[in-house]
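Following: one structure in structure tokens, then a few remarks.
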Amino acid sequence: MTLKNGSFLTLLDYSAEEIEYLLDLAAALKAQKKAGIPHRVCEGKNVALIFEKTSTRTRCAFEVAAADLGMHPVYLDPSASQIGKKESIADTARVLGRMFDGIEYRGYGQERVEALAKYSGVPVWNGLTNEYHPTQVLADMLTVREHFGSVRGKKLVFMGDARYNMASSLMIGCAKLGMDFTACAPQKYFPPKDLIAKCEAIAAVSGAHLCFETDPSAAVQGAHVIYTDVWVSMGEDESVWKTRINDLEPYRVTREIMAIAGVQCRFMHCLPAFHDLETGIGLDIYQKFGLTCMEVENEVFEGESSIVFDEAENRMHTIKAVMAATLAEGLQAAIQA
Ligand code: CP
């Protein structure tokens, strides 16, 4: 298996075997890290990290993973660069491609990360676009594997706003790897119809079942994972809060919902989460709407079934696998040594 010189823009571009290879590689690199075994398989390379939107996990994961692989990461904050203001994505790509061995992009439309890949001539990795968040789903799948032994045949329920990058990418990942996927939301919050059609065709091959359910109690029966995300995505206006809260309150992940799912069920969230009043936005929501949590109750977030910090750690190991797989020479021999 070689993914060398390829980009990682959406899981739609990757076969089940390629995704499983990345998960195996991430697990091997994680074991090496835990054992203190160096794995500088990209020694001397340089990578650019473009963030047009804020980040904690993704940025730190790319920076730490790059350093562990022997690379030098350069963080590009658009407020301090020419991207999008004085220079197009295509021109930026042609400049960065002359200096760097790989480029990470977090920002707006998928067409921007695709243009970077088209014009730079080096591997480009999607750190989140409006449409997809593929590195998050790799981390999620590694976490499911660690807790359940395998992904195939398990059931993941996404509760909340299923129209955007997170639910879309989970649906693709589940369909590819043979994991059952349920989107549980009001009908108008279901994933895009064209993507559902693509995923149903993929699921017909892998054996995954895709469901779209409006009733939370029916959706979560027998779930191995209940997954949720914030109700307002990055870049959306505050004016949508009221409608979103009214529409999505029945889809909050509560202790009752976890109990209906069963003791086997684990709680996952890509983070950051609004589960208490310890953040500026949390306090703001409390003052405007009287809510002490949003998409998940604090008792679930902090409870024994919550594996959100395993998931967050795995961002680093899986992002490392993506960079190593697309950049390193003689990777397999280096990992086995
Ligand atoms: N889950 C995730 O992408 O986190 P950040 O926004 O902190 O990178």
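Just so you know, ligand 1 is whichever comes first in the structure, and atom 1 is the first atom listed for that ligand. Note that the coordinates shown come from a computational prediction; the quantities given were computed from them, not determined experimentally.
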statement: Exactly one of Y105, Y108, Y75 clears ring-ring contact (aromatic ring centres under 6.0 Å, His included) with F51, and that residue is Y75
query: With distance as the sole test, does T129 use its side chain to make a donor-acceptor pair with the main-chain N or O of G109 at under 3.5 Å?
result: no
query: Do we see a donor-acceptor contact under 3.5 Å between the side chains of N314 and E146?
result: yes
Would you mind writing out a table of all protein N or O atoms found under 3.5 Å from any N or O atom of ligand 1, naming both atoms and giving the distance to 0.1 Å?
{"unit_1": "ligand 1", "atom_1": "1 (N)", "unit_2": "Q136", "atom_2": "OE1", "d": "3.0"}
{"unit_1": "ligand 1", "atom_1": "1 (N)", "unit_2": "C270", "atom_2": "O", "d": "2.9"}
{"unit_1": "ligand 1", "atom_1": "1 (N)", "unit_2": "L271", "atom_2": "O", "d": "3.0"}
{"unit_1": "ligand 1", "atom_1": "1 (N)", "unit_2": "R315", "atom_2": "NH1", "d": "3.4"}
{"unit_1": "ligand 1", "atom_1": "3 (O)", "unit_2": "T58", "atom_2": "OG1", "d": "3.2"}
{"unit_1": "ligand 1", "atom_1": "3 (O)", "unit_2": "R106", "atom_2": "NH2", "d": "2.9"}
{"unit_1": "ligand 1", "atom_1": "3 (O)", "unit_2": "H133", "atom_2": "NE2", "d": "2.9"}
{"unit_1": "ligand 1", "atom_1": "3 (O)", "unit_2": "R315", "atom_2": "NH1", "d": "3.2"}
{"unit_1": "ligand 1", "atom_1": "4 (O)", "unit_2": "R57", "atom_2": "NE", "d": "2.8"}
{"unit_1": "ligand 1", "atom_1": "6 (O)", "unit_2": "R106", "atom_2": "NH1", "d": "2.8"}
{"unit_1": "ligand 1", "atom_1": "7 (O)", "unit_2": "T56", "atom_2": "N", "d": "2.7"}
{"unit_1": "ligand 1", "atom_1": "7 (O)", "unit_2": "R57", "atom_2": "N", "d": "2.9"}
{"unit_1": "ligand 1", "atom_1": "7 (O)", "unit_2": "R57", "atom_2": "NE", "d": "3.3"}
{"unit_1": "ligand 1", "atom_1": "7 (O)", "unit_2": "R57", "atom_2": "NH2", "d": "3.0"}
{"unit_1": "ligand 1", "atom_1": "8 (O)", "unit_2": "S55", "atom_2": "OG", "d": "2.6"}
{"unit_1": "ligand 1", "atom_1": "8 (O)", "unit_2": "T58", "atom_2": "N", "d": "2.9"}
{"unit_1": "ligand 1", "atom_1": "8 (O)", "unit_2": "T58", "atom_2": "OG1", "d": "2.7"}
{"unit_1": "ligand 1", "atom_1": "8 (O)", "unit_2": "R106", "atom_2": "NH1", "d": "3.4"}
{"unit_1": "ligand 1", "atom_1": "8 (O)", "unit_2": "R106", "atom_2": "NH2", "d": "3.1"}

statement: Residue set satisfying side-chain hydrogen bond (donor to acceptor under 3.5 Å, both in side chains) with T92, at least two apart, ordered chain then number -> none
message: Among residues at least two apart in sequence or on other chains, which ones pass salt bridge (charged side-chain N to carboxylate O under 4.0 Å, His left out) with D77?
response: none
Set of salt bridge (charged side-chain N to carboxylate O under 4.0 Å, His left out) partners for R94, sequence neighbours left out: D91
